[in-house]
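Shown next, in structure tokens, is the structure this report addresses.
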Amino acid sequence: MKNYRFFVKNIFIRKPLPCIGMAVLLLLANVIMFVSTRSVGTTLQGYREFEWMYRNGVYVPNGDPESEIDNSLSAKHGARKVFTYLDHNCRYAFYTDGIMTKLPNREGMDVNFGYVNEEYSELHPFQVSQGGALDFTYSIKEKEIPVYVGAGLGRDYPVGSSFSIEEPALGKRVTLKVTGILKKDTYHSDFYLLNSKTYMNYAVLVPVTKDFIHQAGEGMQENGLMSLVLLRSTKKQRANFQRIVKKNLGLKMNIFSHEENISNFNKYYVSAIKTIVVITALLFLLLLLLSVWNAYVSVRLMTREFTIHLVVGLTYRQLRRILFGWFTALSTFLLLAIAAGVAVSRHLAWMDRKSLYAVYGFFGLTGMDGVALLAVLGMDLFMGLFISWITVRKIRKIPISIGVLQ
Amino acid sequence: MQKTLFRLSDIIELCLVYVLCFSLNLLFDYSGKVFYSSFLLMTFVRRFQEYRREILFLFSFMAIVIQYQMLYRKKREIFCRILVGDYLFHIIGQYVGVNLGILFSECLFFTILDLWMNFSIQSNVCLFFLFAIYTFISIRWINQYEKL
């Protein structure tokens, strides 16, 4: 420890430029590794969430990009007619969200309303920290609609409480009864953009029944149509569905089978993940080479100091430990700086009242941030071991007499 | 060329660092164009593009490290040259001339490449001035080594 302090105070800090150079290279390597791991990790999280969509018997309808909803048909309750057909002929999983509404809460966040039907909730159950299962047996004419609220709303609206609100999908004032509180940092990924997710800490999850969908406004019905999933349907039913959507909304629907979904996943995501891994590996290699070069530069500048200490009894092993210790201190500082930067950016979502991105996490970091930081830590350890080993190897090649004479 | 402080290995090192920085700048423009088709890749690249200036600035720091270590190694040469009658002004002039010559030729090459690929040359120009500033900062070290 005495040697280490001496080296840091009298050698490394006296030649600041190579040290700053190493810190810069390490920082870039850390950031690249962090961003890559998090991008790949969030995509895999999204894939896990929608794994059931890649199973046999699941069909995902999607509006053709070159076709649009005809507003004149839409005004004639076209979406409602489509749902009437679906209710009588198909099983479908339904989830839609994104309707932001004002609901008084401690943080003053706008609240995102999500709507889920029973089939979707069976395929992808929402985890609750308090309360029971979602109730889909209520009648829309009843006084209260049972709902789940996000963890951020749990203190203002505990289980069993009721509140009255202008329900954005129904467009009328209703009373919602809290039957469960979602687990902290529950998220929902976008099926078409698996790495993009929104958090449900400030969300109200409404279980929807067939009656609810029929009484809802066109906006919610059309959004729902764009994100519903057909389950165990025949070819004829799917063709009829396409025909009815075209007739009632003027929109051409494409329906993707699970094979097509898997093929699209492989085409867009697997290839993108491979590209990210290759880019990261190449950049990492480049930065590793630059770090080795920077270490050699440091050796060139500090040859005299190193060799004098070797003459007076410092062993190569001790020198390697000192270098590794210095590298570890540098990388720990940078790792903490990255963690602090991410925590601050997460905190900004709270400051800016962006309820969709407000997370609790551990010190403001999500689980995936933690995984990415662990990957960075692993990379730093590898770089530290490799660079300290290669630096000592370089120093070993310098004859002591020449080093001292320098 | 023989009279300058630069040896072939120094020129290669400096060239490589400049090429790396200018290539990285080009890569930022190119990646934004190529990865437009995939949302995942686009968001991945965008994370870096948001901090493009900072990343390029940090990366450019390698150039000043090179100049520092090169001049540190040449401190005896600078001292001896002055001892045998050379002028500090000449040494600095030759050093700046070769350094800016390398920088200008590389900047020109990458600017032509940028124009050919329809990218903005603004970052290239900024990098040129940043490296030029580094060169002028490094003159301070030559002055320091006038007396050992």
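Chain A is the first sequence line, chain B the second, and so forth, proteins listed ahead of strands; every chain is numbered from 1. Bear in mind that the values here come from a model prediction, so they are computed numbers and not experimental data.
Of the listed residues (L290(A), L287(A), N294(A)), the one with the most heavy-atom contacts under 4.5 Å to chain B is L290(A). Put simply, of V31(A), L193(A), V297(A), the one with the most heavy-atom pairs under 4.5 Å next to chain B is L193(A).
With values rounded to the nearest 0.5 angstrom, L283(A) atom CG is found 7.5 Å from L27(B) atom CG. Note that CD1 of I279(A) and CZ of F44(B) are 5.5 Å apart. Values are rounded to the nearest 0.5 Å.
Interface residues of residues 48-66 of chain B toward chain A, defined by a heavy-atom distance below 4.5 Å and sorted by number: F48(B), I55(B), L58(B), F59(B), F61(B), M62(B), I64(B), V65(B), I66(B). Of residues 83-90 of chain B, not one residue has a non-hydrogen atom less than 4.5 Å from any non-hydrogen atom of chain A. Proximity to chain A among residues 104-130 of chain B is not found for any residue, judged by heavy-atom separations below 4.5 angstrom.
The contact between L28(A) and chain B is made entirely by side chain atoms (from C-beta outward), counting heavy-atom distances below 4.5 Å. With a threshold of 4.5 angstrom between heavy atoms, S36(A) approaches chain B through its backbone and through its side chain. Only the side chain of T43(A) comes within less than 4.5 Å of a heavy atom of chain B; its backbone N, CA, C and O stay farther away. Heavy atoms closer than 4.5 Å to chain A are found nowhere in L16(B), neither backbone nor side chain. When heavy atoms are compared at a cutoff of 4.5 Å, V24(A) approaches chain B solely by way of its side chain, counted from C-beta outward. Residue contact with chain B, scored on non-hydrogen atoms closer than 4.5 Å, involves the backbone and the side chain of Y269(A) alike. Heavy atoms of I32(A) lying under 4.5 Å from chain B belong to its backbone as well as its side chain.
Contact check for R300(A) versus Y72(B): no side-chain heavy atoms found under the 4.5 Å cut-off.
The one candidate from V40(A), L194(A), I276(A) that meets the side-chain contact (heavy atoms from CB on, under 4.5 Å) condition with L40(B) is I276(A).
Among residue pairs with one or both ends in residues 337-351 of chain A, those qualifying as salt bridge (charged side-chain N to carboxylate O under 4.0 Å, His left out) are R346(A)-D369(A); sequence neighbours excluded.
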